[in-house]
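Written below as structure tokens is the structure these notes are about.
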Amino acid sequence: MARKSLIEREKKRQKLEQKYHLIRRSSKKEISKIPSLSDKWEIHGKLESLPRNSAPIRLHRRCFSTGRPRANYRDFGLSGHILREMVHGCLLPGATRSSW
């Protein structure tokens with residue numbers, strides 16, 4: 001189980017990213033449209049003034065049940081060892097154990 005503080009920090013980052021998403025997207029579109037370099041620097045300054053944790057690259061996918069940050073499967077939202085336990089317990093429909 002991940003520490004509660006790390007999970008809460010990740011939730012805070014998600015809220016910030018949603019809050020500043022439209023501002024960040026519109027600023028990036030403006031940068032691509034404007035040919036003047038000085039105007040681009042001005043808009044880039046606006047992007048830099050946004051909170052660092054509002055950038056989508058800082059978000060990290062976590063396991064839905066344990067909060068584990070590594071070895072996550074996007075389709076299920078679970079970490080590898082939880083996914084394996086659920087497949088062995090026949091809790092995921094359509095998923096089969098590998099055998100060779």
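Note that the numbering runs from 1 along the sequence shown for the chain.
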Contacts of E10 meeting salt bridge (Lys or Arg N to Asp or Glu O under 4.0 Å) (sequence neighbours excluded), chain-then-number -> R13
I'd like to check the salt bridge (Lys or Arg N to Asp or Glu O under 4.0 Å) partners of E48; sequence neighbours left out, ordered by chain and number. none
Under a side-chain separation threshold of 4.5 Å, the hydrophobic residues clustered together with I23 are L16, Y20, I31, I34, I43, L47, L50
Applying side-chain hydrogen bond (donor to acceptor under 3.5 Å, both in side chains) to S38 and not counting sequence neighbours gives S36
Residue set satisfying salt bridge (Lys or Arg N to Asp or Glu O under 4.0 Å) with K11, at least two apart, ordered chain then number -> E8
Taking only residues two or more places apart in sequence or in another chain, which ones pass side-chain hydrogen bond (donor to acceptor under 3.5 Å, both in side chains) with R24? S54
With sequence neighbours left out, write down each residue that passes side-chain hydrogen bond (donor to acceptor under 3.5 Å, both in side chains) with R58, or none if nothing qualifies. N53
Which atom of R62 lies closest to which atom of G67, heavy atoms considered: NH1-O, 2.6 Å
What pairs with S5 under side-chain hydrogen bond (donor to acceptor under 3.5 Å, both in side chains), at least two apart in sequence or on another chain? none
For residues 72-92, dump all side-chain donor-acceptor pairs below 3.5 Å to protein atoms at least two apart in sequence or in another chain.
residue	atom	partner	partner atom	Å
N72	OD1	C63	N	3.4
N72	ND2	R61	O	2.8
N72	ND2	R68	O	3.3
H88	ND1	R97	NH1	3.3

